[in-house]
Number of protein chains: 2
Amino acid sequence: MANIHDVARVAGVSISTVSYALSGKRPIGEKTRLRIDAAVRELDYMPNAAGRMLAGTRTRIFALTAPLRSDTYAPAHMAFVLAVATAARKYDYDVLLLTEDEATDGLRRVSSSRLVDGIIVLDVSINDERAELVRALGVPAALIGVPGNADGLVCVDLDFEAAAALAVDRLVDAGHTSLALLGHPGVVYERGSNFPTRFRDGFLRRAAERGVTARFTMTEKDPPEVRAALSGVLDAVPAATGLVVHAEEGVHKAVLEAVAGRGLSVPGDLSVIAGAPTFDTSAFTPPLDVIPLIPADTCTRAVELAVQQLDGTVAPRVELVAPTYREHGSVAAPRPGS
Amino acid sequence: MANIHDVARVAGVSISTVSYALSGKRPIGEKTRLRIDAAVRELDYMPNAAGRMLAGTRTRIFALTAPLRSDTYAPAHMAFVLAVATAARKYDYDVLLLTEDEATDGLRRVSSSRLVDGIIVLDVSINDERAELVRALGVPAALIGVPGNADGLVCVDLDFEAAAALAVDRLVDAGHTSLALLGHPGVVYERGSNFPTRFRDGFLRRAAERGVTARFTMTEKDPPEVRAALSGVLDAVPAATGLVVHAEEGVHKAVLEAVAGRGLSVPGDLSVIAGAPTFDTSAFTPPLDVIPLIPADTCTRAVELAVQQLDGTVAPRVELVAPTYREHGSVAAPRPGS
DNA sequence: CCCACGAATCGAAACGTTTCGACAAACATC
DNA sequence: GATGTTTGTCGAAACGTTTCGATTCGTGGG
């Protein structure tokens, strides 16, 4: 396998000239550059990664720690992992995947052996030991999600409170005065990520601000549980006419089936908005209005912030990505008499 | 950050002695080793990864290419990715995650820059360009799944044919003479991985060998489609009394619901076996007998073979992992009159 | 005509390891 | 007591880059 010396010899220049020609960090004469380019192609030269890491100050690798908790929704998790890898490539970075059972030891290992330039932390929970560790290690890092104590850390996440508020606003603006939020199973709110809590709080707060009735119900993903939870809010007085669902894909489908099962139509009898899903709600029957959680957005920003920490200093911050609303026709005015 | 020179100075030895003490490749005096160990702890020394890669012959990194096709079942996919990462750690290897849109370029890049020692290829399809590329690059690699042309490649996979045959045997041994296989959607059999085909062929062949009736039906994952497919085999003459399901999690659940919906019981009216799932069928109602596809098994073996290719040569091969059967009470003798 | 300056190139020193060969000392063999 | 072997340690040469400071050469200004 050719190295830089081979290229230099074939092009008839010194290795430093080759290096500068390839990096563009110093001006190189026209003819010389052409000769070097030709030599590179002829030898199929590609710089050796280890040599580069050693001489340069960068390894061009980020570590990614992505715990798979029992209550993690695999498709969303996978989407985030891939989004990080894809975003990293845009900055010419590769991603080293740490295993969950080596979460802290792995972080320690790759950062103190200088194998990675920084760390992307996925699915941060409220009391996340990885947050503490990252702070202690002083390694460039970007967390996706917000830990209980975010001091000194760079965090990125969807603005779940604003997303919930946006959903409330849409429903209230359409004329609804009795809303309900169907959320994740209880265990998710107790320990785990704090975004479900933030969504719930945003929902309840904005509903209060707008002066409308609001109920919050948690549900498991089994269709019977979903039916029961739905009945709870539809049979209440006053019955909910606007529904926000913040849960995984199966729950959305179960909700739509249960609604149809009751002989109700969307949005005729019930307006429905999907809150912060990573999946596609436009293919549902009926398609659902949605405030999407787009992994690529959050992950791209996180990678960007990680890269920026390497040169020029980025102040610690919690950066919340503004939510967007996409209409698919599942929200309408409530029926006059209801 | 301390380096090996610091350790040597503190311990009062040369750097080569430190290196040998840490690697254990040459005998080191008792007192000397203790001094070195003390110095390492005192300085919190950890060898620099780049220096190691450059001087040694190994980078201790494997690349993992794991394409996410539209018909990929995310939870299974994720399970395999994590299983590879976990298995790699057992051999002191880290895993670099390549993105799908950079599948071939990425492989080329990381192997010719010598960033990785080898490649693990996940979810290999029949005409997989990655298989060709790996062959052409001559890089140590282990494929999980079997490409159309496996010449010169090291492949590992569950023995899907044997798994299907095992399911048939169990049902026939229990007295069933009319079997059905509920498989993946049609698109999966046309282009994509070849394991669904292998499972189907194993099923049909063994049924023929045992002289029993066998039907194969593909189904989409929507409950209505599943119901229709199920009706197809239960209303046929002779009606199937033994059912093998080789599909994703939702299909299994839909099958059980549909069976219950028809007023049938498992295994009273219908014996059911789950074929090669990655999820847990023992928590279903009722729990299903299963021939599991265990990502850890396949992935551990693949990593092992990749490691072995680095020293001592491993002959190209297709290594099929023998299936195992786990009873959960969903198979019984058919009802006498049926 | 001399000087300063920029452009283009080179040589050499780093980066932090591993590993080969050498060497001294201790020890066993006959 | 000479000879060979093992044990423990060291020095130095790789490994393949990047990058800092020269050096050379032409060019335009005074």
Side-chain angles (χ1 to χ4, degrees), chain A residues 1-37 39-40 43-61 92 109-117 310-311, chain B residues 1-37 39-40 43-61 92 109-117 310-311:
Chain A
M1 191 140 290
N3 64 19
I4 199 173
H5 289 97
D6 299 326
V7 176
R9 185 162 26 73
V10 170
V13 296
S14 75
I15 63 162
S16 54
T17 303
V18 175
S19 181
Y20 285 121
L22 294 179
S23 71
K25 294 192 180 176
R26 281 196 188 176
I28 296 292
E30 181 64 11
K31 295 179 313 182
T32 313
R33 187 181 27 254
L34 289 177
R35 279 211 315 283
I36 292 175
D37 286 352
V40 165
L43 299 172
D44 197 21
Y45 168 70
M46 178 151 288
N48 176 288
R52 256 192 153 160
M53 289 185 198
L54 190 55
T57 64
R58 302 288 153 81
T59 67
R60 306 219 75 92
I61 300 178
D92 206 24
R109 180 171 56 80
V110 298
S111 70
S112 61
S113 70
R114 288 232 161 330
L115 176 54
V116 304
D117 291 340
L310 299 177
D311 34 35
Chain B
M1 193 137 289
N3 63 19
I4 199 173
H5 289 96
D6 299 325
V7 175
R9 185 162 26 74
V10 170
V13 296
S14 74
I15 63 163
S16 54
T17 303
V18 175
S19 180
Y20 285 121
L22 295 179
S23 71
K25 293 192 179 176
R26 280 195 188 176
I28 296 292
E30 181 65 10
K31 295 179 312 181
T32 313
R33 191 187 19 257
L34 290 176
R35 282 211 315 282
I36 291 176
D37 286 353
V40 164
L43 298 172
D44 197 21
Y45 168 71
M46 177 152 286
N48 177 287
R52 244 178 167 180
M53 290 186 198
L54 190 54
T57 65
R58 302 287 153 82
T59 67
R60 306 219 74 92
I61 300 178
D92 206 25
R109 181 171 56 80
V110 297
S111 70
S112 60
S113 70
R114 290 236 170 302
L115 177 53
V116 304
D117 291 340
L310 299 177
D311 34 35

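Computed from a predicted structure; not experimentally measured.
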N or O in side chain of [X] less than 4.0 angstrom from [N] OP1/OP2:
X       : N      : answer
A:Ser16 : C:dC10 : no
B:Asn3  : C:dG16 : yes
B:Lys25 : C:dT18 : no
A:Ser14 : C:dT9  : no

Given atom [atom1] of [X] and atom [atom2] of [N], what is their separation to the nearest angstrom?
X        : N      : atom1 : atom2 : value
B:Tyr45  : C:dG16 : OH    : C1'   : 7 Å
B:Arg114 : D:dT17 : CZ    : P     : 11 Å
A:Met53  : D:dT17 : CE    : P     : 13 Å
B:Arg58  : D:dC15 : CZ    : P     : 17 Å
A:Asn48  : C:dG16 : CG    : P     : 17 Å
B:Arg33  : D:dT7  : CZ    : P     : 13 Å
A:Asp6   : D:dG16 : CG    : P     : 9 Å
B:His5   : C:dT17 : NE2   : P     : 8 Å

Go through [options] for me and flag the one nearest to the [X] side chain.
X       : options                : result
A:Thr32 : C:dT9, D:dG11, C:dG11  : C:dT9
A:Val13 : C:dT19, C:dC10, D:dT19 : C:dC10
A:Ile28 : C:dA8, C:dT9, D:dT7    : C:dT9
B:Arg52 : C:dG11, C:dT18, D:dT17 : C:dT18

- prompt: A:Ile4 or B:Glu30: which one's nearest nucleotide on DNA chain D is closer to the 5' end?
  reply: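 The residue closer to the strand's 5' end, by nearest nucleotide, is B:Glu30.
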statement: Result for 5'-nearest mapping on DNA chain D, choosing between B:Tyr20 and B:Gly56, is B:Tyr20
- prompt: Among A:Val10, A:Ile28, A:Val7, whose side-chain contact (heavy atoms from CB on, under 4.5 Å) with A:Val18 holds?
  reply: A:Val7
- prompt: Which is true for A:Ser23 with a 4.0 Å heavy-atom rule: it touches a base, it touches only sugar-phosphate, or it touches nothing?
  reply: nothing
- prompt: Looking only at atom types and distance, does a side-chain atom of A:Arg114 sit under 3.5 Å from a main-chain N or O of B:Asn48, one as donor and one as acceptor?
  reply: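 Checked: no pair found.
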- prompt: Quick check: does any side chain N or O of A:Asn3 sit under 3.5 Å from a backbone N or O of A:Asp6, one acting as donor and the other as acceptor?
  reply: yes
query: Side chains of A:Ser14 and A:Thr17: do they bring a donor and an acceptor to under 3.5 Å?
result: yes
- request: Can you measure from CZ (A:Arg52) to CZ (A:Arg58) and round to the nearest 0.5 angstrom?
  value: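 So the CZ of A:Arg52 and the CZ of A:Arg58 are separated by 12.5 Å.
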- request: Nearest 0.5 Å please: distance from the CG atom of A:Leu22 over to the CE atom of A:Met46.
  value: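 Rounded to the nearest 0.5 Å, the CG-CE separation comes to 10.5 Å.
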query: Mapping B:Leu54 and B:Thr17 to their closest nucleotides on DNA chain C, which lands nearer the 5' end?
result: B:Leu54
query: Is there a donor and acceptor pair closer than 3.5 Å between the side chain of A:Arg26 and the base of D:dT19?
result: no
